[in-house]
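Take a look at the structure below.
Everything quoted here is computed from the prediction, not taken from an experiment.
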Amino acid sequence: MPHDLSLDVVDADGAIRETAAAAVGDTRAGFLAKAGLLGGGLIGSSALLGLDPAVAGAATRGDVAILNYALTLEYLEAAFYTEAEKMGALDGELALFARVVGAHERAHVKALKAALGRKAVARPRFNFRGTT
């Protein structure tokens with residue numbers, strides 16, 4: 001089984017490229033700064049605001065685009081670990097790692113979807129070609 005995966009193969013419906021293009025409106029430095037603050041911001045906002053979807057309405061279009069790009073990447077990671085778990089080929093410490101990390105990635109998806117509310121992008125399709 002060939003393991004020559006590329007973004008064109010994995011990103012079956014183009015969701016990663018699409019959300020990345022929507023987030024390009026920001027400068028690279030601004031994007032990286034926002035991406036770095038995203039983790040802390042999500043934790044802080046969830047504690048202070050309870051991830052109230054109404055608060056997401058106050059976000060700028062650029063903020064929504066960046067959060068949707070982050071959500072798309074979290075969908076990718078969650079899908080990878082979920083598929084790895086379901087294939088049943090992992091055992092021992094590696095299976096435990098996949099379960100723990102997969103649960104974290106699925107929690108990230110849930111938090112971002114809650115923060116974005118109706119503005120959240122739909123879960124895309126990915127094709128890992130059985131490499132998980």
**Study point:** side chain to side chain contact (heavy atoms under 4.5 Å, CB included) evaluation trace for Tyr75 with Val121
**Key:** CA-CA 10 Å; Tyr75 279 140; Val121 294; 4.1 Å; yes

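Judged as a side chain to side chain contact (heavy atoms under 4.5 Å, CB included), and not counting sequence neighbours, the contacts of Glu83 are Met87, Phe128, Thr132. For the ring-ring contact (aromatic ring centres under 6.0 Å, His included) test, no residue two or more places apart in sequence or in another chain qualifies with Tyr81. Scored by the side chain to side chain contact (heavy atoms under 4.5 Å, CB included) test, Ala120 finds Asn68, Leu71, Lys113, Leu116 as partners (sequence neighbours excluded). Every residue meeting the side chain to side chain donor-acceptor pair (under 3.5 Å) condition with Glu85, not counting sequence neighbours, appears here in chain and number order: Arg106. Here Phe126 pairs with nothing under the ring-ring contact (aromatic ring centres under 6.0 Å, His included) rule; sequence neighbours left out.
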Tell me which donor-acceptor pairs under 3.5 Å the side chains of residues 90-99 have, and how far apart each pair is, sequence neighbours excluded?
none

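The two residues Leu112 and Glu74 have their closest heavy-atom pair at CD1-CG, 3.7 Å. Nearest heavy-atom pair, Ala65 versus Ala22, reported as atom, atom and distance to 0.1 Å: CB-O, 3.5 Å. When all heavy atoms are compared, the tightest approach of Arg17 to Asp11 is N-OD2, 3.2 Å.
Here OG1 of Thr19 is found 11.5 Å from CG of Leu67. Values are rounded to the nearest 0.5 Å. Separating the CD atom in Glu105 from the CD atom in Glu77 is a distance of 4.0 Å, to the nearest 0.5 Å.
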